[in-house]
2 protein chains.
Amino acid sequence: MEKDSKSIKPIKNVPLVEQVEDHIMQYLKANKFKTGDALPKEIELAQNLGVSRNVAREALSRLRMLGIIESKKRKGMVISEPDLLSGVERVLDPDFLGEGTMQNIFELRLVLEVGMSDILFIRKKSKDIDILQDIVTRESQDPECTDDIKVRLAYEIEFHSHLYRMSRNNTLQRFQSMLLPVFHYMMEQEARLELKPKKGSISHQDLVDTIKNGTPRDFRENMREHLTPHYQKLIRQKS
Amino acid sequence: MEKDSKSIKPIKNVPLVEQVEDHIMQYLKANKFKTGDALPKEIELAQNLGVSRNVAREALSRLRMLGIIESKKRKGMVISEPDLLSGVERVLDPDFLGEGTMQNIFELRLVLEVGMSDILFIRKKSKDIDILQDIVTRESQDPECTDDIKVRLAYEIEFHSHLYRMSRNNTLQRFQSMLLPVFHYMMEQEARLELKPKKGSISHQDLVDTIKNGTPRDFRENMREHLTPHYQKLIRQKS
DNA sequence: GGTATAAAATATGTAGTACATAATAAGCGC
DNA sequence: GCGCTTATTATGTACTACATATTTTATACC
(Lines give C-alpha, C1' and ligand atoms only; values in the text may rest on other atoms or scores of the structure.)
Protein backbone atom coordinates (compact mmCIF):
# COMPACT_ATOMS: atom_id res chain seq x y z
CA MET A 1 0.00 0.00 0.00
CA GLU A 2 2.68 2.44 0.93
CA LYS A 3 4.60 3.62 -2.00
CA ASP A 4 8.30 3.38 -2.28
CA SER A 5 9.78 6.78 -2.81
CA LYS A 6 13.22 5.25 -2.91
CA SER A 7 12.89 4.73 -6.61
CA ILE A 8 15.27 6.90 -8.49
CA LYS A 9 13.92 9.91 -10.26
CA PRO A 10 16.71 12.43 -10.38
CA ILE A 11 15.04 14.79 -12.76
CA LYS A 12 16.49 17.84 -11.13
CA ASN A 13 15.37 20.35 -13.66
CA VAL A 14 12.42 21.32 -11.51
CA PRO A 15 13.13 22.77 -8.10
CA LEU A 16 12.95 20.32 -5.27
CA VAL A 17 10.22 22.23 -3.49
CA GLU A 18 8.03 21.92 -6.52
CA GLN A 19 8.66 18.22 -6.79
CA VAL A 20 7.82 17.75 -3.14
CA GLU A 21 4.73 19.85 -3.55
CA ASP A 22 3.58 17.66 -6.40
CA HIS A 23 4.46 14.50 -4.55
CA ILE A 24 2.45 15.52 -1.55
CA MET A 25 -0.55 16.40 -3.68
CA GLN A 26 -0.25 13.13 -5.51
CA TYR A 27 0.00 11.32 -2.22
CA LEU A 28 -3.09 13.03 -0.88
CA LYS A 29 -5.06 12.28 -4.00
CA ALA A 30 -3.88 8.69 -4.27
CA ASN A 31 -4.92 7.98 -0.72
CA LYS A 32 -8.17 9.83 -1.16
CA PHE A 33 -7.66 12.24 1.67
CA LYS A 34 -10.87 13.99 2.56
CA THR A 35 -11.56 17.19 4.40
CA GLY A 36 -10.60 16.87 8.03
CA ASP A 37 -8.21 13.98 7.58
CA ALA A 38 -4.90 14.32 9.33
CA LEU A 39 -1.68 14.42 7.39
CA PRO A 40 1.49 12.70 8.51
CA LYS A 41 3.70 14.96 10.53
CA GLU A 42 6.07 16.99 8.50
CA ILE A 43 9.06 15.14 9.88
CA GLU A 44 7.73 11.89 8.54
CA LEU A 45 6.79 13.44 5.23
CA ALA A 46 10.26 14.85 4.90
CA GLN A 47 11.92 11.56 5.73
CA ASN A 48 9.68 9.53 3.44
CA LEU A 49 10.37 11.92 0.61
CA GLY A 50 14.05 11.94 1.37
CA VAL A 51 14.26 15.68 1.78
CA SER A 52 14.98 18.00 4.63
CA ARG A 53 12.21 19.20 6.83
CA ASN A 54 12.89 22.65 5.53
CA VAL A 55 11.96 21.78 1.99
CA ALA A 56 8.94 19.83 3.11
CA ARG A 57 7.80 22.82 5.10
CA GLU A 58 8.14 25.10 2.10
CA ALA A 59 5.94 22.84 0.07
CA LEU A 60 3.43 22.53 2.88
CA SER A 61 3.49 26.28 3.30
CA ARG A 62 2.37 26.62 -0.28
CA LEU A 63 -0.48 24.21 0.23
CA ARG A 64 -1.35 26.10 3.37
CA MET A 65 -1.51 29.32 1.42
CA LEU A 66 -3.85 27.75 -1.07
CA GLY A 67 -6.09 26.69 1.76
CA ILE A 68 -5.63 23.01 1.03
CA ILE A 69 -4.28 22.26 4.46
CA GLU A 70 -4.46 23.83 7.89
CA SER A 71 -2.11 23.24 10.73
CA LYS A 72 -2.40 23.66 14.46
CA LYS A 73 0.22 23.63 17.06
CA ARG A 74 0.07 20.17 18.44
CA LYS A 75 -2.75 18.66 16.51
CA GLY A 76 -0.81 18.46 13.27
CA MET A 77 -2.08 19.20 9.82
CA VAL A 78 -5.48 18.45 8.37
CA ILE A 79 -6.97 18.70 4.94
CA SER A 80 -9.04 21.82 4.50
CA GLU A 81 -11.59 22.90 1.96
CA PRO A 82 -10.36 25.77 -0.12
CA ASP A 83 -12.43 27.62 -2.57
CA LEU A 84 -10.85 28.27 -5.88
CA LEU A 85 -9.32 31.62 -5.20
CA SER A 86 -8.61 31.59 -1.52
CA GLY A 87 -5.09 32.54 -0.72
CA VAL A 88 -4.37 33.86 -4.13
CA GLU A 89 -6.37 37.02 -3.96
CA ARG A 90 -4.38 38.26 -1.00
CA VAL A 91 -1.17 38.30 -2.94
CA LEU A 92 -2.12 38.75 -6.52
CA ASP A 93 -1.88 42.40 -7.33
CA PRO A 94 -2.41 44.27 -10.58
CA ASP A 95 0.92 45.98 -10.12
CA PHE A 96 2.53 42.74 -11.09
CA LEU A 97 0.27 41.71 -13.91
CA GLY A 98 1.45 42.36 -17.41
CA GLU A 99 -0.43 44.49 -19.89
CA GLY A 100 -1.64 41.41 -21.70
CA THR A 101 -3.05 39.80 -18.60
CA MET A 102 -4.76 43.00 -17.63
CA GLN A 103 -6.36 43.07 -21.01
CA ASN A 104 -7.45 39.46 -20.58
CA ILE A 105 -8.99 40.23 -17.25
CA PHE A 106 -10.82 43.19 -18.60
CA GLU A 107 -12.32 41.03 -21.30
CA LEU A 108 -13.19 38.47 -18.70
CA ARG A 109 -15.20 41.06 -16.90
CA LEU A 110 -17.16 41.85 -20.03
CA VAL A 111 -17.82 38.16 -20.55
CA LEU A 112 -18.97 37.61 -17.00
CA GLU A 113 -21.36 40.50 -16.79
CA VAL A 114 -23.05 39.68 -20.05
CA GLY A 115 -23.18 36.01 -19.23
CA MET A 116 -24.48 36.09 -15.72
CA SER A 117 -27.91 37.31 -16.58
CA ASP A 118 -29.74 34.04 -16.02
CA ILE A 119 -28.04 33.44 -12.71
CA LEU A 120 -29.12 36.88 -11.59
CA PHE A 121 -32.72 36.24 -12.48
CA ILE A 122 -32.71 32.92 -10.68
CA ARG A 123 -31.23 34.38 -7.51
CA LYS A 124 -32.55 37.93 -7.46
CA LYS A 125 -34.51 39.12 -4.49
CA SER A 126 -36.65 42.21 -4.26
CA LYS A 127 -34.19 43.66 -1.82
CA ASP A 128 -31.44 43.44 -4.44
CA ILE A 129 -33.48 45.51 -6.81
CA ASP A 130 -34.08 48.06 -4.08
CA ILE A 131 -30.37 48.31 -3.52
CA LEU A 132 -29.65 48.73 -7.20
CA GLN A 133 -32.36 51.32 -7.49
CA ASP A 134 -30.91 53.17 -4.55
CA ILE A 135 -27.50 53.29 -6.17
CA VAL A 136 -28.93 54.55 -9.43
CA THR A 137 -31.02 57.17 -7.68
CA ARG A 138 -28.08 58.48 -5.73
CA GLU A 139 -26.05 58.49 -8.89
CA SER A 140 -28.59 60.49 -10.83
CA GLN A 141 -29.00 63.04 -8.08
CA ASP A 142 -25.32 63.51 -7.45
CA PRO A 143 -24.22 66.82 -8.98
CA GLU A 144 -20.59 65.77 -8.99
CA CYS A 145 -21.37 62.85 -11.18
CA THR A 146 -21.07 64.71 -14.44
CA ASP A 147 -17.94 66.58 -13.48
CA ASP A 148 -15.77 64.27 -11.46
CA ILE A 149 -14.80 61.15 -13.25
CA LYS A 150 -13.77 59.55 -9.97
CA VAL A 151 -17.24 59.90 -8.59
CA ARG A 152 -18.77 58.46 -11.69
CA LEU A 153 -16.39 55.54 -11.54
CA ALA A 154 -17.31 54.92 -7.93
CA TYR A 155 -20.99 54.63 -8.81
CA GLU A 156 -20.14 52.44 -11.75
CA ILE A 157 -18.23 50.06 -9.55
CA GLU A 158 -20.80 50.07 -6.80
CA PHE A 159 -23.53 49.20 -9.24
CA HIS A 160 -21.75 46.42 -11.02
CA SER A 161 -20.34 45.02 -7.81
CA HIS A 162 -23.79 44.47 -6.48
CA LEU A 163 -24.65 42.50 -9.56
CA TYR A 164 -21.90 40.06 -8.70
CA ARG A 165 -23.15 39.92 -5.15
CA MET A 166 -26.61 39.13 -6.41
CA SER A 167 -25.28 36.03 -8.12
CA ARG A 168 -24.84 34.46 -4.68
CA ASN A 169 -21.90 32.73 -6.23
CA ASN A 170 -19.06 33.17 -3.85
CA THR A 171 -16.38 32.24 -6.33
CA LEU A 172 -17.74 34.75 -8.78
CA GLN A 173 -17.82 37.46 -6.15
CA ARG A 174 -14.29 36.87 -4.99
CA PHE A 175 -13.16 36.79 -8.53
CA GLN A 176 -14.70 40.16 -9.08
CA SER A 177 -13.11 41.60 -5.97
CA MET A 178 -9.79 40.38 -7.33
CA LEU A 179 -10.51 42.02 -10.62
CA LEU A 180 -11.65 45.28 -9.15
CA PRO A 181 -8.27 46.99 -9.04
CA VAL A 182 -7.58 45.92 -12.57
CA PHE A 183 -10.96 47.19 -13.60
CA HIS A 184 -10.16 50.45 -11.93
CA TYR A 185 -6.92 50.77 -13.80
CA MET A 186 -8.35 49.97 -17.19
CA MET A 187 -11.29 52.26 -16.71
CA GLU A 188 -9.11 55.17 -15.74
CA GLN A 189 -6.95 54.55 -18.72
CA GLU A 190 -9.94 54.54 -20.99
CA ALA A 191 -11.33 57.63 -19.34
CA ARG A 192 -8.07 59.45 -19.88
CA LEU A 193 -8.02 58.65 -23.53
CA GLU A 194 -11.47 59.88 -24.31
CA LEU A 195 -12.73 62.56 -22.02
CA LYS A 196 -16.28 62.15 -23.11
CA PRO A 197 -18.35 59.99 -20.78
CA LYS A 198 -19.02 57.78 -23.76
CA LYS A 199 -21.83 55.98 -22.10
CA GLY A 200 -23.68 53.29 -23.89
CA SER A 201 -27.23 53.86 -24.92
CA ILE A 202 -28.39 51.77 -21.99
CA SER A 203 -28.14 53.40 -18.59
CA HIS A 204 -27.93 51.86 -15.18
CA GLN A 205 -31.53 52.85 -14.68
CA ASP A 206 -32.47 50.90 -17.78
CA LEU A 207 -30.67 47.88 -16.41
CA VAL A 208 -32.54 48.11 -13.13
CA ASP A 209 -35.83 48.35 -14.94
CA THR A 210 -34.92 45.35 -17.03
CA ILE A 211 -33.92 43.17 -14.13
CA LYS A 212 -37.12 44.20 -12.42
CA ASN A 213 -39.59 43.62 -15.18
CA GLY A 214 -37.72 42.09 -18.09
CA THR A 215 -36.41 38.70 -19.01
CA PRO A 216 -32.92 37.26 -18.65
CA ARG A 217 -32.53 37.67 -22.35
CA ASP A 218 -33.48 41.33 -22.24
CA PHE A 219 -31.05 41.97 -19.44
CA ARG A 220 -28.27 40.15 -21.24
CA GLU A 221 -28.69 42.18 -24.37
CA ASN A 222 -29.10 45.42 -22.47
CA MET A 223 -25.96 44.72 -20.52
CA ARG A 224 -24.18 44.03 -23.75
CA GLU A 225 -25.40 47.34 -25.02
CA HIS A 226 -24.42 49.08 -21.82
CA LEU A 227 -20.88 47.78 -22.23
CA THR A 228 -20.66 48.74 -25.88
CA PRO A 229 -17.99 51.40 -25.41
CA HIS A 230 -15.65 48.79 -24.00
CA TYR A 231 -16.44 46.30 -26.70
CA GLN A 232 -15.72 48.90 -29.32
CA LYS A 233 -12.31 49.27 -27.85
CA LEU A 234 -11.75 45.56 -28.43
CA ILE A 235 -12.90 45.82 -31.99
CA ARG A 236 -10.56 48.70 -32.64
CA GLN A 237 -7.68 46.74 -31.19
CA LYS A 238 -8.36 43.89 -33.53
CA SER A 239 -7.46 45.89 -36.58
CA MET B 1 14.96 36.59 18.34
CA GLU B 2 14.50 38.39 21.60
CA LYS B 3 11.01 39.03 22.70
CA ASP B 4 9.98 42.50 23.64
CA SER B 5 7.86 42.34 26.71
CA LYS B 6 7.06 46.02 26.74
CA SER B 7 4.95 46.12 23.62
CA ILE B 8 1.83 44.06 23.71
CA LYS B 9 1.72 42.78 20.19
CA PRO B 10 -1.90 42.72 19.15
CA ILE B 11 -3.08 39.26 18.41
CA LYS B 12 -0.42 37.27 16.76
CA ASN B 13 -2.67 34.61 15.42
CA VAL B 14 -1.52 35.41 11.92
CA PRO B 15 1.40 33.17 11.09
CA LEU B 16 4.71 34.87 10.70
CA VAL B 17 5.15 33.59 7.18
CA GLU B 18 1.97 35.31 6.15
CA GLN B 19 3.03 38.57 7.72
CA VAL B 20 6.35 38.39 5.97
CA GLU B 21 4.65 37.55 2.73
CA ASP B 22 2.46 40.62 3.05
CA HIS B 23 5.36 42.79 4.07
CA ILE B 24 7.36 41.78 1.06
CA MET B 25 4.45 42.44 -1.26
CA GLN B 26 3.88 45.78 0.36
CA TYR B 27 7.55 46.56 0.01
CA LEU B 28 7.56 45.65 -3.64
CA LYS B 29 4.50 47.74 -4.32
CA ALA B 30 5.67 50.72 -2.31
CA ASN B 31 8.94 50.82 -4.19
CA LYS B 32 7.21 50.28 -7.49
CA PHE B 33 9.15 47.22 -8.47
CA LYS B 34 8.73 46.43 -12.13
CA THR B 35 9.25 43.27 -14.09
CA GLY B 36 12.92 42.37 -14.23
CA ASP B 37 13.94 44.40 -11.20
CA ALA B 38 16.18 42.60 -8.75
CA LEU B 39 15.07 41.96 -5.21
CA PRO B 40 17.37 42.23 -2.22
CA LYS B 41 19.00 38.96 -1.34
CA GLU B 42 16.98 36.84 0.96
CA ILE B 43 19.48 37.23 3.76
CA GLU B 44 18.99 40.97 3.73
CA LEU B 45 15.25 40.65 3.47
CA ALA B 46 15.24 38.32 6.45
CA GLN B 47 17.43 40.61 8.51
CA ASN B 48 15.48 43.73 7.62
CA LEU B 49 12.26 42.02 8.56
CA GLY B 50 13.75 40.62 11.71
CA VAL B 51 13.00 37.02 10.86
CA SER B 52 15.04 33.99 10.07
CA ARG B 53 16.08 33.26 6.56
CA ASN B 54 13.91 30.21 6.75
CA VAL B 55 10.73 32.16 7.19
CA ALA B 56 11.71 34.63 4.54
CA ARG B 57 12.34 31.78 2.18
CA GLU B 58 8.93 30.29 2.84
CA ALA B 59 7.28 33.57 2.00
CA LEU B 60 9.41 33.97 -1.10
CA SER B 61 8.62 30.41 -2.07
CA ARG B 62 4.96 31.32 -2.10
CA LEU B 63 5.57 34.31 -4.30
CA ARG B 64 7.66 32.11 -6.51
CA MET B 65 4.80 29.68 -6.82
CA LEU B 66 2.51 32.47 -7.86
CA GLY B 67 4.96 33.47 -10.52
CA ILE B 68 5.57 36.87 -9.00
CA ILE B 69 9.28 36.30 -8.63
CA GLU B 70 11.87 34.08 -10.21
CA SER B 71 15.23 33.21 -8.78
CA LYS B 72 18.46 32.01 -10.27
CA LYS B 73 21.43 30.59 -8.61
CA ARG B 74 23.78 33.46 -8.32
CA LYS B 75 21.87 36.23 -9.98
CA GLY B 76 19.38 36.56 -7.18
CA MET B 77 15.67 37.11 -7.48
CA VAL B 78 13.83 39.23 -9.98
CA ILE B 79 10.26 40.32 -10.38
CA SER B 80 8.42 38.22 -12.89
CA GLU B 81 5.17 38.64 -14.76
CA PRO B 82 2.59 36.13 -13.65
CA ASP B 83 -0.71 35.70 -15.25
CA LEU B 84 -3.63 35.44 -12.97
CA LEU B 85 -3.78 31.72 -12.57
CA SER B 86 -0.21 30.62 -12.96
CA GLY B 87 0.92 28.45 -10.14
CA VAL B 88 -2.54 27.85 -8.86
CA GLU B 89 -3.73 25.53 -11.54
CA ARG B 90 -0.94 23.08 -10.86
CA VAL B 91 -2.03 22.45 -7.35
CA LEU B 92 -5.70 23.20 -7.23
CA ASP B 93 -7.53 19.97 -7.68
CA PRO B 94 -11.23 19.20 -7.69
CA ASP B 95 -10.63 16.46 -5.17
CA PHE B 96 -10.14 19.14 -2.59
CA LEU B 97 -12.90 21.50 -3.57
CA GLY B 98 -16.09 21.42 -1.57
CA GLU B 99 -19.44 20.66 -3.09
CA GLY B 100 -20.38 24.32 -2.90
CA THR B 101 -17.31 25.48 -4.74
CA MET B 102 -17.83 22.85 -7.41
CA GLN B 103 -21.31 24.16 -7.88
CA ASN B 104 -19.98 27.70 -8.13
CA ILE B 105 -17.49 26.68 -10.75
CA PHE B 106 -20.09 24.92 -12.76
CA GLU B 107 -22.20 28.04 -12.77
CA LEU B 108 -19.17 30.02 -13.74
CA ARG B 109 -18.81 27.87 -16.78
CA LEU B 110 -22.36 28.58 -17.83
CA VAL B 111 -21.80 32.27 -17.37
CA LEU B 112 -18.58 32.28 -19.38
CA GLU B 113 -19.87 30.36 -22.35
CA VAL B 114 -22.96 32.47 -22.71
CA GLY B 115 -21.05 35.67 -22.15
CA MET B 116 -18.11 35.15 -24.46
CA SER B 117 -20.07 35.39 -27.66
CA ASP B 118 -18.91 38.83 -28.70
CA ILE B 119 -15.29 38.01 -28.03
CA LEU B 120 -15.61 34.94 -30.20
CA PHE B 121 -17.01 36.92 -33.08
CA ILE B 122 -14.27 39.49 -32.80
CA ARG B 123 -11.50 36.91 -32.79
CA LYS B 124 -12.90 34.10 -34.88
CA LYS B 125 -10.98 32.92 -37.89
CA SER B 126 -12.25 30.75 -40.69
CA LYS B 127 -9.95 28.01 -39.53
CA ASP B 128 -11.68 27.96 -36.16
CA ILE B 129 -14.97 27.34 -37.81
CA ASP B 130 -13.44 24.52 -39.83
CA ILE B 131 -12.18 22.94 -36.66
CA LEU B 132 -15.54 23.22 -34.96
CA GLN B 133 -17.24 21.81 -38.02
CA ASP B 134 -14.84 18.93 -38.03
CA ILE B 135 -15.62 18.10 -34.42
CA VAL B 136 -19.33 18.21 -35.04
CA THR B 137 -19.04 16.09 -38.16
CA ARG B 138 -17.04 13.46 -36.36
CA GLU B 139 -19.50 13.55 -33.54
CA SER B 140 -22.50 13.05 -35.76
CA GLN B 141 -20.89 10.17 -37.62
CA ASP B 142 -19.66 8.39 -34.54
CA PRO B 143 -21.88 5.38 -33.87
CA GLU B 144 -20.75 5.14 -30.27
CA CYS B 145 -21.99 8.60 -29.61
CA THR B 146 -25.51 7.60 -28.78
CA ASP B 147 -24.54 4.65 -26.66
CA ASP B 148 -21.46 5.56 -24.73
CA ILE B 149 -21.89 8.52 -22.51
CA LYS B 150 -18.13 8.83 -22.15
CA VAL B 151 -17.74 9.30 -25.87
CA ARG B 152 -20.45 11.89 -25.96
CA LEU B 153 -18.84 13.73 -23.10
CA ALA B 154 -15.52 13.71 -24.91
CA TYR B 155 -17.05 15.41 -27.93
CA GLU B 156 -18.84 17.84 -25.70
CA ILE B 157 -15.63 18.84 -24.05
CA GLU B 158 -13.67 19.00 -27.27
CA PHE B 159 -16.22 21.29 -28.81
CA HIS B 160 -16.56 23.69 -25.93
CA SER B 161 -12.84 23.70 -25.28
CA HIS B 162 -12.20 25.02 -28.73
CA LEU B 163 -14.58 27.85 -28.09
CA TYR B 164 -12.39 28.96 -25.22
CA ARG B 165 -9.37 28.63 -27.42
CA MET B 166 -11.02 30.80 -30.03
CA SER B 167 -11.29 33.60 -27.53
CA ARG B 168 -7.52 34.02 -27.77
CA ASN B 169 -7.75 35.03 -24.16
CA ASN B 170 -5.09 33.13 -22.37
CA THR B 171 -6.49 33.71 -18.91
CA LEU B 172 -9.85 32.46 -20.04
CA GLN B 173 -8.33 29.37 -21.58
CA ARG B 174 -6.30 28.46 -18.56
CA PHE B 175 -9.30 29.03 -16.42
CA GLN B 176 -11.21 26.60 -18.51
CA SER B 177 -8.49 24.00 -18.32
CA MET B 178 -8.61 24.36 -14.56
CA LEU B 179 -12.32 23.91 -14.62
CA LEU B 180 -12.26 20.94 -16.89
CA PRO B 181 -12.00 18.25 -14.23
CA VAL B 182 -14.76 19.88 -12.27
CA PHE B 183 -16.83 20.08 -15.38
CA HIS B 184 -16.20 16.42 -15.93
CA TYR B 185 -17.29 15.54 -12.46
CA MET B 186 -20.48 17.57 -12.55
CA MET B 187 -21.42 16.30 -15.98
CA GLU B 188 -21.00 12.71 -14.98
CA GLN B 189 -23.06 13.33 -11.93
CA GLU B 190 -25.79 14.86 -14.00
CA ALA B 191 -25.58 12.08 -16.51
CA ARG B 192 -25.98 9.50 -13.78
CA LEU B 193 -29.06 11.15 -12.44
CA GLU B 194 -30.90 11.35 -15.72
CA LEU B 195 -29.91 8.72 -18.19
CA LYS B 196 -31.56 10.50 -21.05
CA PRO B 197 -29.18 12.62 -23.10
CA LYS B 198 -31.42 15.54 -22.30
CA LYS B 199 -29.95 17.70 -24.96
CA GLY B 200 -31.09 21.21 -25.46
CA SER B 201 -32.98 22.10 -28.56
CA ILE B 202 -29.86 23.67 -30.02
CA SER B 203 -27.20 21.27 -31.21
CA HIS B 204 -23.52 21.78 -31.70
CA GLN B 205 -24.17 21.94 -35.41
CA ASP B 206 -26.60 24.77 -34.84
CA LEU B 207 -23.96 26.60 -32.86
CA VAL B 208 -21.44 26.20 -35.64
CA ASP B 209 -23.90 27.51 -38.17
CA THR B 210 -24.62 30.46 -35.96
CA ILE B 211 -21.03 31.39 -35.39
CA LYS B 212 -20.49 31.09 -39.10
CA ASN B 213 -23.40 33.09 -40.39
CA GLY B 214 -25.18 34.58 -37.42
CA THR B 215 -24.61 37.49 -35.09
CA PRO B 216 -23.04 37.57 -31.65
CA ARG B 217 -26.48 37.99 -30.25
CA ASP B 218 -27.78 34.93 -32.05
CA PHE B 219 -24.90 32.86 -30.82
CA ARG B 220 -25.36 34.08 -27.29
CA GLU B 221 -28.98 33.12 -27.20
CA ASN B 222 -28.38 29.82 -28.93
CA MET B 223 -25.66 28.94 -26.49
CA ARG B 224 -28.02 29.80 -23.69
CA GLU B 225 -30.54 27.49 -25.24
CA HIS B 226 -27.94 24.79 -25.73
CA LEU B 227 -27.13 24.92 -22.04
CA THR B 228 -30.75 24.87 -20.96
CA PRO B 229 -30.59 21.45 -19.30
CA HIS B 230 -27.94 22.73 -16.93
CA TYR B 231 -29.78 25.91 -16.22
CA GLN B 232 -32.88 23.95 -15.39
CA LYS B 233 -30.91 22.14 -12.78
CA LEU B 234 -30.10 25.48 -11.18
CA ILE B 235 -33.72 26.48 -11.22
CA ARG B 236 -34.72 23.25 -9.58
CA GLN B 237 -32.12 23.74 -6.90
CA LYS B 238 -33.48 27.14 -6.10
CA SER B 239 -36.75 25.76 -4.80
C1' DG C 1 48.61 40.82 -25.69
C1' DG C 2 45.01 37.50 -26.10
C1' DT C 3 42.86 33.30 -25.16
C1' DA C 4 42.01 29.43 -22.32
C1' DT C 5 41.63 27.53 -18.05
C1' DA C 6 41.51 27.58 -13.12
C1' DA C 7 40.17 29.72 -8.84
C1' DA C 8 37.47 32.77 -5.99
C1' DA C 9 33.30 34.94 -4.89
C1' DT C 10 28.38 35.10 -4.37
C1' DA C 11 23.39 34.20 -3.92
C1' DT C 12 20.25 30.64 -3.99
C1' DG C 13 19.28 25.64 -2.78
C1' DT C 14 19.38 21.93 0.70
C1' DA C 15 20.37 19.70 5.13
C1' DG C 16 20.53 19.44 9.90
C1' DT C 17 20.13 20.91 14.70
C1' DA C 18 18.23 23.34 18.45
C1' DC C 19 14.82 25.54 20.83
C1' DA C 20 10.10 28.15 21.36
C1' DT C 21 5.23 27.74 21.47
C1' DA C 22 0.86 25.93 22.10
C1' DA C 23 -2.19 22.30 23.03
C1' DT C 24 -3.00 17.99 24.82
C1' DA C 25 -2.27 14.13 27.95
C1' DA C 26 -0.46 12.27 32.13
C1' DG C 27 0.58 12.42 36.74
C1' DC C 28 -0.26 13.68 41.48
C1' DG C 29 -1.55 15.65 45.76
C1' DC C 30 -5.77 16.37 48.12
C1' DG D 1 -13.17 13.29 41.19
C1' DC D 2 -10.98 18.16 41.16
C1' DG D 3 -7.44 21.26 40.34
C1' DC D 4 -2.87 21.81 39.73
C1' DT D 5 1.65 20.82 37.76
C1' DT D 6 4.43 18.44 34.60
C1' DA D 7 5.55 15.72 30.53
C1' DT D 8 4.71 15.07 25.70
C1' DT D 9 4.12 16.18 21.05
C1' DA D 10 3.87 18.52 16.48
C1' DT D 11 4.24 22.84 14.54
C1' DG D 12 6.77 27.43 14.48
C1' DT D 13 11.14 29.91 14.42
C1' DA D 14 16.12 30.53 14.44
C1' DC D 15 20.67 29.44 13.27
C1' DT D 16 24.53 27.12 11.03
C1' DA D 17 26.78 24.67 7.51
C1' DC D 18 27.43 23.17 3.15
C1' DA D 19 26.05 22.24 -1.97
C1' DT D 20 25.32 24.17 -6.44
C1' DA D 21 25.51 27.08 -10.09
C1' DT D 22 27.11 31.23 -12.23
C1' DT D 23 29.73 35.26 -12.66
C1' DT D 24 34.14 37.52 -11.93
C1' DT D 25 38.72 37.49 -11.31
C1' DA D 26 43.16 35.61 -11.61
C1' DT D 27 46.62 32.94 -13.63
C1' DA D 28 49.11 30.36 -17.12
C1' DC D 29 50.42 29.59 -21.53
C1' DC D 30 51.24 30.51 -26.32
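In what follows, chains are A, B, ... by sequence order, proteins preceding strands, each numbered from 1.
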Exercise. Nearest to the side chain of A:E42, which nucleotide is it out of D:dA17, D:dA14, D:dT11?
Worked result: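 The nucleotide sitting nearest to the side chain is D:dT11.
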
For this session: Looking only at side-chain atoms of B:M77, point me to the closest of C:dT12, D:dA14, D:dT11.
Result: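 Output: C:dT12.
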
Distance, rounded to the nearest Å, where [X] contributes [atom1] and [N] contributes [atom2]:
X     : N      : atom1 : atom2 : result
B:L45 : C:dG13 : CG    : P     : 13 Å
A:I43 : D:dT9  : CD1   : C1'   : 11 Å
A:E18 : C:dG13 : CD    : C1'   : 14 Å
A:L63 : D:dT11 : CG    : P     : 14 Å
B:R53 : C:dT14 : CZ    : P     : 11 Å
A:K41 : D:dT8  : NZ    : C1'   : 11 Å
B:Q47 : D:dT13 : CD    : C1'   : 16 Å
B:L60 : C:dA11 : CG    : C1'   : 12 Å

Exercise. Do B:N54 and D:dG12 share a donor-acceptor pair, side chain to base, under 3.5 Å?
Worked result: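 In this structure, the two groups form no donor-acceptor pair.
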
For this session: Measure up the B:Y27 and B:F33 rings against each other and bin them: parallel (under 30°), tilted (30 to 60°), perpendicular (over 60°).
Result: tilted

For this session: Please state whether the rings of B:H230 and B:F106 are parallel, tilted or perpendicular, taking 30° and 60° as the class boundaries.
Result: perpendicular

So does [X] get a side-chain nitrogen or oxygen closer than 4.0 Å to the phosphate oxygens (OP1/OP2) of [N]?
X     : N      : value
A:K73 : C:dA22 : no
B:S52 : D:dT13 : no
A:S71 : D:dG12 : yes
A:R57 : D:dG12 : yes

For this session: Could you check A:V111, A:L110, A:L112, A:V114 and say which one makes a side-chain contact (heavy atoms from CB on, under 4.5 Å) with B:M116?
Result: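 Going through A:V111, A:L110, A:L112, A:V114 one by one, the side-chain contact (heavy atoms from CB on, under 4.5 Å) with B:M116 is satisfied by A:V111 alone.
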
For this session: Using the closest heavy atom to pick a nucleotide of DNA chain C for each, name whichever of A:K75 or B:R74 lands nearer the 5' end.
Result: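 Final value for this comparison: B:R74.
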
Problem set entry | Minimum side-chain heavy-atom gap A:L84-B:V88 below 4.5 Å |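 A:L84 does not reach B:V88 side chain to side chain.
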
Exercise. Any side-chain donor-acceptor pair under 3.5 Å between A:E156 and A:H160?
Worked result: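 Judged by distance alone, the side chains do pair up.
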
